[in-house]
Protein chains: 2
Amino acid sequence: MDTALKALAEPRRREILKLVWSEERAAAEIAASFSDVTRSAISQHLGVLREAELVLERRDGVRRIYKANHKQMERVRHFLEEYWTESLDRLRDLAETAEREKENTNG
Amino acid sequence: MDTALKALAEPRRREILKLVWSEERAAAEIAASFSDVTRSAISQHLGVLREAELVLERRDGVRRIYKANHKQMERVRHFLEEYWTESLDRLRDLAETAEREKENTNG
DNA sequence: TACTTACGTAAGTATACGCTAACGTAAGGA
DNA sequence: TCCTTACGTTAGCGTATACTTACGTAAGTA
């Protein structure tokens, strides 16, 4: 999961992920979308995304076709949701405890 | 925003953030929660979180008191929400376009 | 004033990261 | 078989990161 979060912390990788979110794309096609960087750099980014299981790879002859792994994205989303709410829950619990203690001292 | 995402990609910093989420804590108190790392390392993590505006600092005599900046956390949350839904919207749009095109070829 | 406490900061180190250039390789065509 | 295409991989480089140790410093205390 941490691998996925680190992968997402990179702006370029988020761009790549968007490209393959709703459409499969070959590595060359993805690389062509970035003019300021070599194909090799993109290939390495794809490797990171692959390792984080944020994209899935399929071979088509000489080409490698990528698409986003929505399941993994959902896992990340869920993890963060847990992270926020766990913290928010603690806040709420604290507020409730404070409320109860106030009542006790008042009573 | 990217600064904040990178800050959150670090597990240790997420732990620190949880510590100060619902309660203010002094730097020394935070550092004391981590036995496998020096106070200096924690101080530097706090610096990163401060720079990302994920925590707020207050002075109390010789102590520095930290607390989570919920507003910034909300901004990050919103940014990610946008990121997911923007991608999901594109998926939906694509599906609708495909549906319409199917109808056209059928008609 | 001298000492302690509670911090940040600077210097140094090992490792990771993002990148380029160069190389290796499987798939397909002439 | 030789060439091209479409890739991944490796080596090397500069910079960033996470850390430790050592130092600097403002705020209290004796």
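No experiment lies behind these values; they were computed from the predicted model shown. Per chain, numbering begins at 1; letters A, B, ... match sequence-line order. Just so you know, these numbers use all the heavy atoms, side chains as well, and skip hydrogens, waters and symmetry mates.
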Scan [X] against the nucleic acid and name what it touches under 4.0 Å (heavy atoms): base, sugar-phosphate only, or nothing.
{"X": "B/Ala31", "result": "nothing"}
{"X": "A/Tyr66", "result": "sugar-phosphate"}
{"X": "B/Arg50", "result": "sugar-phosphate"}
{"X": "A/Arg13", "result": "sugar-phosphate"}
{"X": "A/Val37", "result": "sugar-phosphate"}
{"X": "A/Asp36", "result": "sugar-phosphate"}

Any donor-acceptor pair under 3.5 Å linking the side chain of B/His70 with the backbone of B/Ser22?
no
From the list B/Leu49, B/Leu46, B/Leu56, side-chain contact (heavy atoms from CB on, under 4.5 Å) partner of B/Tyr66 resolves to B/Leu46
Heavy atoms of chain A, cut-off under 4.0 Å: which first and last nucleotide of DNA chain C, 5' to 3', fall inside that, if you could look?
C/dG18 to C/dG28
Count I, L, V, M, F, W, Y as connected when their side-chain heavy atoms are under 4.5 Å apart, and connections chain through other members. Are B/Met73 and B/Leu5 then in the same cluster?
yes
Quick one: do A/Val48 and A/Ile65 end up in the same hydrophobic cluster if we chain Ile, Leu, Val, Met, Phe, Trp and Tyr together by side-chain heavy atoms under 4.5 Å apart?
no
Can you measure [X] atom [atom1] to [N] atom [atom2] for me and round it to whole angstrom units?
{"X": "A/Arg63", "N": "D/dG8", "atom1": "CZ", "atom2": "C1'", "value": "16 Å"}
{"X": "A/Asp2", "N": "D/dA18", "atom1": "CG", "atom2": "C1'", "value": "14 Å"}
{"X": "A/Glu24", "N": "D/dC7", "atom1": "CD", "atom2": "P", "value": "13 Å"}
{"X": "B/Ile16", "N": "D/dA18", "atom1": "CD1", "atom2": "C1'", "value": "12 Å"}

Passes side chain to side chain contact (heavy atoms under 4.5 Å, CB included), B/Arg12 versus B/Asp36? Steps please.
CA-CA 11 Å; B/Arg12 187 94 69 184; B/Asp36 59 335; 2.9 Å; yes
Between B/Lys6 and B/Ile65, which is nearer to the 5' end of DNA chain C once each is assigned its nearest nucleotide?
B/Ile65
The residue, A/Val48 or B/Arg64, whose nearest nucleotide of DNA chain C is more 5′ is B/Arg64
What verdict does the side-chain hydrogen bond (donor to acceptor under 3.5 Å, both in side chains) test give for A/Ser40 and A/Gln44, after you've listed the backbone C-alpha separation in whole Å, the side-chain angles of each residue and the deciding distance to 0.1 Å?
CA-CA 6 Å; A/Ser40 176; A/Gln44 287 171 64; 3.1 Å; yes
Is there a residue in residues 39-47 of chain A whose heavy atoms reach under 4.0 Å of DNA chain C, and which residues are they?
A/Ser40, A/Ala41, A/Gln44, A/His45
Pair partner, D/dA30 [Watson-Crick or wobble, under 3.5 Å]
C/dT1
Where B/Ala4 and B/Ala52 come nearest, the two heavy atoms and their spacing
CA-CB, 3.8 Å
